[in-house]
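Below is one structure; the comments refer to it alone.
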Amino acid sequence: MLSEPRAGRLAAWGNALLAGLVSPDDAVLAVVGEDAVHRVEGLPGESAPVGLTLALGRLRTLGVTGLRLALPAPGHPLGLSGPPEFNARALDAEQAVLCYGAAFGLVPEVYEAGPEGDVHVEVVWHVLAVREAPPADVPSLGEAERELAEALREATEVLTRLDVAGSGPVAEAAIDAYRTRAERGREVLAPGYPPRAVRVLELAQRVGTLIVVATESGHGGAVSASEMGARREALRPVERTARRAQVAAYNSVVEERERGVH
């Protein structure tokens, strides 16, 4: 939850590009981020991998008007719509992008290359057929915001009960450090997203940071393997809520369009 998923960047900036709010160059620069290069493989009409700029333009001509994020986990196909082959690939990658307006999905495959100390990351997005159906278990922004507020309270109570330092100043320091890095390095989401989506994503990241701090060894009074397991188990529903909210934030532009909100 600390890092922005690549599929999230592609969905957010792809949506901004499709809406005419950013240039292709700016969108691709934001999607690639610190990676060396992104290519798209399996695009209809192309026999070899192509660059992101060409791929996004081609998807538009194929009828794609929006992009959704999926963040599946074992037992929780969050944001997916099938078929099983695509879901399995997305679950392996722990993320995917689903097209709105055409039955395609994109799953990233990440490669590291170069000598130690000078490793660079290359990403290949595999285009696959998806089922045109509502994505699984994605809440509305309003639902996500309410659930997150409750999840944050629950997480704090659980961690306090387990005597975890992450429920207090240690967690606050980690969250503040994360926010500083995020504000210095990028904007939240992309042009065209409603303020509420930004607020929900920031809160989801805050909850995610709390979970990471709490489950790292060395914090709090409970440090045995069994106690660490108890922490993870207790926080699992909170992590699930944070992931659902993250997907809701990235998908809010498409969801509003479906409901006819402008």
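Please read all numbers here as calculations on a predicted model, not as lab measurements.
- Using modelled atom types, one finds a donor on one side chain and an acceptor on the other under 3.5 Å when comparing Y250 with E4.
- For the residue pair H38 and R6, no side-chain donor N or O sits within less than 3.5 Å of a side-chain acceptor on the partner.
- When all heavy atoms of A96 and V107 are compared, the pair lying nearest together is CB-CG2, 4.1 Å.
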Decide yes or no on side-chain contact (heavy atoms from CB on, under 4.5 Å) for D25 and L29, but give the supporting numbers first.
CA-CA 6 Å; D25 287 346; L29 190 64; over 6 Å; no
Applying side-chain contact (heavy atoms from CB on, under 4.5 Å), run through T61 and R58 and close with a yes or a no.
CA-CA 5 Å; T61 64; R58 177 63 55 79; 3.6 Å; yes
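- Contact check for R131 versus P84: side-chain heavy atoms found under the 4.5 Å cut-off.
- Note that CG of L189 is 7.0 Å distant from OG of S252, once rounded to the nearest 0.5 Å.
- Of all non-hydrogen atoms in L18 and T65, the two that sit nearest each other are CD1-C, 3.8 Å.
- Grouping the Ile, Leu, Val, Met, Phe, Trp and Tyr side chains by contacts below 4.5 angstrom, directly or via other members, places V123 with L59.
- Taking CZ from R240 and CG from L71, the interatomic distance works out to 13.0 Å, rounded to the nearest 0.5 Å.
- Under the 4.5 Å side-chain contact rule for hydrophobic residues, V247 and F86 do not share a cluster.
- Connection of L10 to V121 is established within a shared hydrophobic cluster, with ILVMFWY side chains joined at heavy-atom distances below 4.5 Å, either directly or through further cluster members.
- Nearest approach of P74 to L91, heavy atoms of both residues: N-CD1, 3.6 Å.
- Under the 4.5 Å side-chain criterion, counting only non-hydrogen atoms from C-beta, D35 is in contact with V32.
- A 4.5 Å side-chain heavy-atom check between L98 and S81 finds at least one atom pair inside the cut-off.
- Using a distance-only test at 3.5 Å, with no hydrogens or angles considered, a donor-acceptor pair links the side chain of Q95 to the main chain of A7.
- Residue-environment remark: CD (E94) stays at or below the threshold of 12 foreign heavy atoms within 6.0 Å.
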Apply side-chain contact (heavy atoms from CB on, under 4.5 Å) to the pair V31 and L56, showing each step before the final yes or no.
CA-CA 12 Å; V31 173; L56 289 168; 5.7 Å; no
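- Looking at heavy atoms from C-beta onward, V138 lies in side-chain contact with L78 at the 4.5 angstrom threshold.
- V130 and L106 are assigned to two separate hydrophobic clusters, defined by single-linkage of ILVMFWY side chains at heavy-atom distances under 4.5 Å.
- Summarising the geometry, atom CZ belonging to R206 is positioned 10.5 Å from atom CD belonging to E202; distances are rounded to the nearest 0.5 Å.
- The residues E239 and R236 are annotated as not salt-bridged, no charged nitrogen and carboxylate oxygen being separated by less than 4.0 angstrom.
- Here the straight-line distance linking atom CG of L141 with atom CD of E256 works out to 7.0 Å at 0.5 Å rounding.
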Stepwise side-chain hydrogen bond (donor to acceptor under 3.5 Å, both in side chains) test for H120 and E112
CA-CA 6 Å; H120 64 274; E112 292 186 350; over 6 Å; no
Test side-chain contact (heavy atoms from CB on, under 4.5 Å) on W13 and V22 and set out the steps.
CA-CA 8 Å; W13 288 91; V22 296; 3.8 Å; yes
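- Pairing each heavy atom of L17 with each of A27, the nearest pair is CB-CB, 4.0 Å.
- D137 and R243 are not joined by a salt bridge, as no carboxylate oxygen comes within less than 4.0 angstrom of a charged side-chain nitrogen.
- With contacts defined as side-chain heavy-atom distances shorter than 4.5 Å, the pair N251/L67 does not qualify.
- Between E41 and E109 there is no side-chain heavy-atom pair separated by less than 4.5 Å.
- The two residues S140 and A248 have their closest heavy-atom pair at O-CB, 4.3 Å.
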Apply salt bridge (charged side-chain N to carboxylate O under 4.0 Å, His left out) to residues E150 and R153 and explain how you reach the verdict.
CA-CA 5 Å; E150 180 62 27; R153 287 193 296 271; 2.4 Å; yes
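- Of all non-hydrogen atoms in L148 and A245, the two that sit nearest each other are CD1-CB, 3.3 Å.
- Side-chain polar atoms of N15 and Y193 form a donor-acceptor pair below 3.5 angstrom.
- Residues P135 and L80 have side chains not in contact (no heavy-atom distance under 4.5 Å, counting atoms from C-beta outward).
- Under the side chain to side chain contact (heavy atoms under 4.5 Å, CB included) test applied with W125, the options V50, L43, V97 reduce to a single match, V97.
- The pair E143-R244 does not count as a salt bridge, with every side-chain nitrogen at least 4.0 angstrom from each carboxylate oxygen.
- Within the 4.5 Å cutoff, side-chain heavy atoms of E122 are placed close to those of R39.
- Both V253 and V198 sit in one connected hydrophobic cluster of ILVMFWY residues. Membership requires side-chain heavy atoms under 4.5 Å apart, directly or through other members.
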